[in-house]
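Note sheet for the following structure.
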Number of protein chains: 2
Amino acid sequence: MTGLRERKKQRTRDALLLAAHQLFVDHGYDATTVDRIADRVEVSQRTFFRYFASKEEVAFHFHDVVEEVFVRSIVERPLDEAPYDVLRNALDTAWTATAEAVEDVVPLRLHLMMWHTVETTPSLLAAHLRRQSAMEDRVSAEMAARTGLDPDLDPRPRVLVAAFCGVMRAAGRRWSCGPDLSVEAARSFADSYVEHLAPALGRDWGVQPRVPSPASSAGPTKERMPRPAG
Amino acid sequence: MTGLRERKKQRTRDALLLAAHQLFVDHGYDATTVDRIADRVEVSQRTFFRYFASKEEVAFHFHDVVEEVFVRSIVERPLDEAPYDVLRNALDTAWTATAEAVEDVVPLRLHLMMWHTVETTPSLLAAHLRRQSAMEDRVSAEMAARTGLDPDLDPRPRVLVAAFCGVMRAAGRRWSCGPDLSVEAARSFADSYVEHLAPALGRDWGVQPRVPSPASSAGPTKERMPRPAG
DNA sequence: CCAGCCCCTGACAGTCGCTGACAATTGACA
DNA sequence: TGTCAATTGTCAGCGACTGTCAGGGGCTGG
């Protein structure tokens, strides 16, 4: 099935991931040189760069997995689900589905600690934010597609995703700097933060985007504001 | 007043800023080596790094100015202004106030083009996002302070700022990739994007008794994106 | 006006991330 | 077993960045 060569490569790859994460968490990202990672796995530095395009890439390998699952989960959500619920549920799915996959290579604990390392290392934080920004693009495109809105004309998908991701980041930041680095704690923070956004963003956009329904009766007094262009 | 030494340093500094921005915009950030910048100003590479801690720092010098003015503007806003309006007005102030300051060193055109360079250069974009994230921390702390909320207990300041900045980033992204790189176009995009967030976030948190704003009419009915220079 | 101080600068060497090129090794397959 | 292709190590080199040291220039007190 899988040849010896293939298995050997996989083992080297996993060993590099494990060594890198251990060193990053123990001694910090900047203090860990690529040479040191390669030495620990007993390969040359050049080989390291044949497995990972950059030192950054090895640090974000499991983040990549989460992201991939997250985006796929969005696509698989029922089409009649409210846009905001889609994001929330997909995030939940991604977190739980990933936890298992990580354990096959490195202890989950290490991966969770890595979040703290990312958040407290300027160069890693920068990379993390850029990656998340790229993900926002993918997600807002998908959200536009599934609501039938033109992403170039209607800013609402982008606005929703930007607001959601911004708030999720704030929650993640607080979680990763707190004392409880567990998946449950992460979800708890996410829920609590997002709770303050949910009533504001509304749960439904009214699927027909381009019907300029006037319809604006005086509306609720102290209730939600009507969604823009609803 | 200022000694010769002082003036000489200022001139070198300005020359480095100008040369760097020209090269970044003309040939791209990555393709511009520090050696090249230093050569053009006829100083050694070592001297460059005595003026700017990194290649990144020279690229973001004017962003720093905008940010500083923005944060200061927030502090100086009247205390009874709704939190959301504070952000919006401070941003307006910062943009106009900065334009003049930039012109003293480099053409404003160059600075605006730099925004596009930042947005399209991965390494610069990453740095930009990290810097903006740090600014969000400062801003949300200030917003918490002026509303009297405990930033550690009440997520609302963070949520508002995160949502606002997230949306502003989406707007800035679209602007800097569009055809019209003018300050007016930037403000136009910002307004249009933020318009969709305003009715959602509400204009008052009911935290403090304050003057009910009379002009708080209902949100926009159906506005489209402005097509800059279209 | 000058001597001395100190700040600024250039030159040099070295680290670290990263890449291209070449040769040696090793698994795959006939 | 021999050939082919994939994998790897070695080496040289670029670019960002830093420590160090010596020299030149501005600044200051006599």
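Every heavy atom of this structure was used, including side-chain atoms; hydrogens, water molecules and symmetry mates were not. Reminder, nothing fancy here: chain letters follow the sequence lines and each chain counts from 1.
- The separation between B:Phe49 atom CZ and C:dC12 atom C1' is 16 Å, rounded to whole Å.
- Distance, B:Phe52 CZ to C:dT9 P: 12 Å, rounded to whole Å.
- Between A:Glu57 and A:Phe52, the shortest heavy-atom contact is OE2-CA, 3.8 Å.
- Between atom CD of residue B:Glu142 and atom CZ of residue B:Arg77 there is a gap of 13.0 Å, rounded to the nearest 0.5 Å.
- Taking 4.0 Å as the cut-off between side-chain N and carboxylate O, A:Arg138 and A:Glu67 count as a salt-bridged pair.
- Between A:Tyr51 and D:dT7, a side-chain N or O to OP1/OP2 separation shorter than 4.0 Å is absent.
- Classification of A:Glu6 and A:Arg11 as a salt-bridged pair fails, no side-chain N sitting under 4.0 Å from a carboxylate O.
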Are there any protein N/O atoms within less than 3.5 Å of an N/O atom in nucleotides 26-30 of chain C, and if so, which ones and at what distance?
unit_1: C:dT26; atom_1: O2; unit_2: A:Arg5; atom_2: NH2; d: 3.4
unit_1: C:dG27; atom_1: O3'; unit_2: A:Arg5; atom_2: N; d: 3.4
unit_1: C:dG27; atom_1: N3; unit_2: A:Arg5; atom_2: NH2; d: 2.9
unit_1: C:dA28; atom_1: OP1; unit_2: A:Leu4; atom_2: N; d: 2.8
unit_1: C:dA28; atom_1: OP1; unit_2: A:Arg5; atom_2: N; d: 3.2

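- At a non-hydrogen distance threshold of 4.0 Å, A:Thr32, A:Thr33, A:Val34 from residues 9-44 of chain A come into contact with DNA chain C.
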At under 4.0 Å between heavy atoms, which parts of nucleotides 20-25 of chain C does protein reach? Answer with one letter per nucleotide, 5' to 3': B base, S sugar-phosphate only, - none.
-> BB----

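- The pair A:Arg169-A:Glu119 counts as a salt bridge, with a side-chain nitrogen and a carboxylate oxygen less than 4.0 angstrom apart.
- Both the sub-6.0 Å distance and the 45° axial angle are not jointly satisfied by B:Lys9 relative to the ring of B:Tyr51.
- Expressed to the nearest 0.5 Å, how far CG of A:Leu129 lies from CG of B:Leu129 amounts to 5.5 Å.
- Salt-bridge formation is detected for the pair A:Arg130/A:Glu56: a Lys NZ or Arg NE/NH1/NH2 atom is positioned less than 4.0 Å from an Asp or Glu carboxylate oxygen.
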